[in-house]
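Within every chain, numbering begins at 1; the chains are lettered A, B, ... in the order of the sequence lines, protein sequences first and strands thereafter.
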Amino acid sequence: MTDQKTCEYIVTNAGSVEAAIIISGSGLPLAWHTARDTAVDEVSSISAGLLAIARELHLFDTTSNASMIFETAFGAIIIRTIDADSLLVLCLLNGYSFLTINRLLQKVYPNESDVHQ
Amino acid sequence: MPSFEMMLEQILLGKGSGVSEPLSGALKRTYGRQLLTLSLESIHGPFFTTGSADVPPSDGERNFNALPSLTGGPKNEKRFFFTMSDRRWEVLSAFTLTTSPFFTTLTLDISDPASAPIRSRLFKLADYFTVQCRKLLQGYCDAVFRQQPTSGQPADQFGIEKSILRKIIDFSAHVHCAVLLDEDGFIIHTEGSSGSVDELGGALARLFYRSNHEIARLDCADCHAVTIADQEYTIRIGRLAGTSLAFAVSVEGPHATSFAHFLHKVASEALTDHAWRTGQLWGVAVAELPEPARIRESWFSPPRLLPHGKFVGKKGGKSFHAANCQILAKTDPSLLQWFKSRAIAIENGLRPCGACNP
């Protein structure tokens with residue numbers, strides 16, 4: 001599945017996902033799909049900023065299969081490693097289920113083990 | 001206090017519980033090899049699973065969608081969700097604790113579950129399992145909230161805070177540490193294994209508070225909690241309401257994510273409850289947070305005014321607007337004046353906005 005198809009598949013199959021964005025390690029959006037056909041530059045930039053902080057503090061290793069979840073009053077941003085060069089960013093609204101998101105990601109990336117179990 | 005795993009073992013195997021027929025025994029006697037799995041899950045993942053590895057885990061989204069029908073009935077009515085796939089039957093039940101839903105599932109290989117005696121027996125066992133799991137988790141929550149300084153010992157100024165953190169560690173052998181941090185990233189108190197906690201705790205707090213600045217770039221977005229999950233562990237950190245302090249918990253093992261979410265929620269509620277009752281937490285005064293004037297509903301839509309009336313105008317302005325009108329959405333809240341009715345706004349000399357036509 002191409003990166004673009006992956007993003008479309010995730011947004012289509014999980015009602016609580018507003019946007020799926022694949023970014024490079026430096027925060028450049030490589031592929032994206034949004035439920036509302038909106039620009040993702042701001043969210044990509046914020047995600048890159050969050051990633052940079054976590055890396056600087058040695059809390060997030062992008063070479064391993066790991067994820068970070070930032071929760072707000074209305075939803076959450078999930079940043080999850082795909083490989084050493086790219087990351088998946090999901091913008092979620094409240095009411096999401098981590099189980100559902102994980103199982104969806106297992107279908108998209110079947111060779112990865114489940115980080116959330 | 002025995003750990004969660006030990007108490008669950010008592011329910012399943014009857015070890016020292018005084019239960020005449022433990023659940024595993026009852027299920028084995030009734031269904032033998034037909035019982036495939038038994039699980040307890042939250043929306044963040046499983047707490048406990050047992051049985052065949054070839055049985056796929058239950059569908060989280062379906063469980064979540066079934067929740068209103070499972071919990072919406074009269075208080076004493078037991079409700080079950082009964083589904084079949086691949087000739088396997090799944091009995092799903094739910095209960096709510098600390099405002100979070102939990103699900104218990106029994107998966108069985110039964111040819112004719114429509115038979116009344118089989119169904120009745122199944123529901124009884126599912127009910128027993130659900131009630132015991134709820135009691136187990138409720139008992140743990142009660143124990144966390146009922147913290148008092150130990151009698152007969154010198155009064156410890158922060159004894160309650162310490163004992164809440166200690167209870168979090170006691171939940172399971174998989175809980176690595178529970179940490180109270182200030183906004184500068186300094187550790188105030190740690191329970192559990194130390195080792196690299198000092199360095200990790202400081203880094204976590206800095207991540208949390210700096211994430212807030214990053215996310216705040218989207219107007220009206222405020223970071224409540226951060227979770228970092230790896231294949232081996234989950235760390236969760238979040239602010240304690242009304243204080244400048246944060247609480248973090250680190251959990252290892254296969255069910256780390258669900259454990260971390262549950263324990264973080266229970267500890268945060270217990271610590272803030274204690275803070276509001278005493279007016280302080282670890283010597284830090286509790287402050288009433290101002291009610292937000294604007295809220296955000298999406299990552300991609302602009303914030304909107306949180307209505308304090310049906311109509312709003314700008315102080316010194318000439319027009320008034322409907323509460324959801326975007327024209328004043330980015331106006332400083334201190335410059336707004338609210339009106340309960342259209343007539344009051346007009347009485348104040350304002351005319352209706354041409355865009356929202358209130």
Side-chain angles (χ1 to χ4, degrees), chain A residues 13-16 18-19 34-40 42-43 45-54 56-61 64-81 90-104 112-117, chain B residues 41-46 49 56-65 103 185 199-200 202-208 210-218 220-232 234-236 238 253-258 261 292 295-301 303:
Chain A
N13 288 281
S16 53
E18 269 202 305
T34 62
R36 300 185 183 195
D37 194 25
T38 45
V40 296
E42 195 169 20
V43 168
S45 161
I46 288 170
S47 302
L50 296 171
L51 184 64
I53 297 167
E56 182 193 318
L57 296 168
H58 305 292
L59 285 170
F60 194 63
D61 180 5
S64 72
N65 183 9
S67 59
M68 288 192 294
I69 304 157
F70 298 85
E71 290 169 48
T72 71
F74 60 90
I77 287 181
I78 294 183
I79 300 174
R80 179 180 164 124
T81 53
L90 299 179
C91 298
L92 301 157
L93 293 175
N94 273 345
Y96 60 85
S97 153
F98 284 113
L99 273 179
T100 305
I101 299 295
N102 268 322
R103 283 165 195 169
L104 193 65
E112 289 187 0
S113 54
D114 185 8
V115 294
H116 293 301
Q117 300 289 323
Chain B
E41 293 184 358
S42 75
I43 61 167
H44 301 301
T49 53
S58 61
D59 183 337
E61 189 150 12
R62 190 213 57 203
N63 294 358
F64 197 69
N65 293 336
F103 307 96
E199 194 183 328
L200 179 68
L204 269 176
R206 283 195 291 280
L207 171 70
F208 178 61
R210 284 178 62 187
S211 299
N212 249 313
H213 290 290
E214 197 65 39
I215 288 179
R217 284 165 54 190
L218 283 175
C220 295
D222 188 22
C223 187
H224 287 186
V226 179
T227 305
I228 298 177
D230 204 330
Q231 283 172 318
E232 292 169 2
T234 296
I235 307 171
R236 185 173 167 82
H255 304 318
T257 302
S258 49
H261 274 87
I295 56 166
R296 182 175 270 278
E297 286 165 339
S298 154
W299 290 99
F300 299 98
S301 64

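Of the inter-residue distances, the one linking R236(B) atom CZ with I69(A) atom CD1 reads 8.0 Å to the nearest 0.5 angstrom. Note: R206(B) CZ to L59(A) CG = 8.5 Å, rounded to the nearest 0.5 Å. With values rounded to the nearest 0.5 angstrom, C223(B) atom SG is found 6.5 Å from F70(A) atom CZ.
Between F300(B) and V43(A), some side-chain heavy-atom pair lies under the 4.5 Å cut-off. Side-chain contact check for E18(A) versus W299(B): some heavy-atom pair is nearer than 4.5 Å. Taking 4.5 Å as the limit, every side-chain heavy atom of E214(B) sits out of range of all side-chain heavy atoms of S47(A). Under the 4.5 Å side-chain criterion, counting only non-hydrogen atoms from C-beta, D222(B) is not in contact with T72(A). Considering only heavy atoms from C-beta on, R210(B) comes within 4.5 Å of E56(A) through its side chain. L93(A) places none of its side-chain heavy atoms less than 4.5 Å from the side chain of E297(B). You'll find the side chain of L218(B) reaches within 4.5 Å of the side chain of E42(A), heavy atoms only.
The candidate from S211(B), S298(B), A221(B) with the greatest count of non-hydrogen atom pairs under 4.5 Å with chain A is S298(B).
Nearest heavy atoms, C220(B) versus F74(A): O-CE2, 4.5 Å. Of all non-hydrogen atoms in L57(A) and L207(B), the two that sit nearest each other are CD1-N, 3.4 Å.
L92(A) touches chain B through its backbone: at least one of N, CA, C or O sits under 4.5 Å from a heavy atom, while the side chain does not. Of the two parts of A35(A), neither the backbone nor the side chain holds a non-hydrogen atom closer than 4.5 Å to a non-hydrogen atom of chain B. Proximity to chain A is limited to the side chain of H261(B), based on heavy atoms less than 4.5 angstrom apart.
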Exercise for review: Under the side-chain hydrogen bond (donor to acceptor under 3.5 Å, both in side chains) rule, what do R217(B) and S45(A) come out as? Steps first, then yes or no, please.
Suggested key: CA-CA 10 Å; R217(B) 284 165 54 190; S45(A) 161; 2.5 Å; yes
